[in-house]
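Here is the structure we will look at.
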Amino acid sequence: MNRLKRSTLSDANNNRNPLIFEEVFKNLLPMVNKKISNESKSLIQAIDSTVINLNKTKFAWASGMNDLGGVKVHTVFDINEQIPTFFEVS
């Protein structure tokens, strides 16, 4: 059996209605809340990354970064405190 390529899954998810993911999250959250203690809840963090496209004319150094001419920001977010606790630009 051939492995599913990550880009194929990403493309498929880009074409899905975001409400599907919201519904899945809403259904899973009560199950998770029952299984973790209050102490464990403080350890839960959100991790995200996003691409910031840059104008290659103004930021010539960005042209070699990737095909789009941009940077990627990786962020760790403390859900309880509602603040980012770490970020890295690559």
Side-chain angles (χ1 to χ4, degrees):
M1 185 163 129
N2 294 334
R3 294 182 65 152
L4 182 64
K5 293 183 180 178
R6 193 182 92 192
S7 62
T8 303
L9 182 59
S10 177
D11 291 342
N13 284 339
N14 282 334
N15 294 323
R16 287 190 172 94
N17 185 331
L19 294 176
I20 294 170
F21 299 106
E22 182 179 343
E23 286 300 314
V24 169
F25 178 78
K26 285 180 180 177
N27 287 313
L28 290 176
L29 189 60
M31 291 184 241
V32 171
N33 280 334
K34 288 178 187 175
K35 295 189 182 272
I36 60 175
S37 67
N38 286 337
E39 182 179 322
S40 297
K41 287 180 185 180
S42 68
L43 301 174
I44 297 174
Q45 298 177 329
I47 301 171
D48 187 38
S49 63
T50 189
V51 174
I52 299 174
N53 296 320
L54 299 174
N55 182 326
K56 290 183 183 181
T57 310
K58 292 183 180 181
F59 302 96
W61 57 267
S63 63
M65 299 296 281
N66 57 38
D67 293 337
L68 298 175
V71 294
K72 193 167 199 175
V73 179
H74 309 272
T75 308
V76 178
F77 189 80
D78 184 320
I79 295 172
N80 294 311
E81 297 295 323
Q82 295 291 298
I83 58 169
T85 57
F86 174 83
F87 75 92
E88 179 176 273
V89 178
S90 63

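Excluded from the calculations below are hydrogen atoms, water molecules and symmetry mates; all remaining heavy atoms, backbone and side chain alike, are included.
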- Query: Is there a side-chain contact (heavy atoms from CB on, under 4.5 Å) between R16 and F21 once you walk through the steps?
  - Reply: CA-CA 9 Å; R16 287 190 172 94; F21 299 106; 4.1 Å; yes

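Note: T50 OG1 to K72 NZ = 8.5 Å, rounded to the nearest 0.5 Å. From I47, atom CD1 reaches atom NE2 of H74 across 11.5 Å, with rounding to the nearest 0.5 Å.
Residues V51 and V71 have side chains not in contact (no heavy-atom distance under 4.5 Å, counting atoms from C-beta outward). Within the 4.5 Å cutoff, side-chain heavy atoms of Q82 are placed close to those of F77. Between V73 and T75 the shortest side-chain heavy-atom distance falls below 4.5 Å.
L29 and M31 are members of different hydrophobic clusters when ILVMFWY side chains are connected at heavy-atom separations under 4.5 Å.
Between Q45 and I79, the shortest heavy-atom distance links the atoms C-CD1, 4.2 Å.
One N or O on the side chain of D78 and one on the backbone of E81 form a donor-acceptor pair closer than 3.5 Å.
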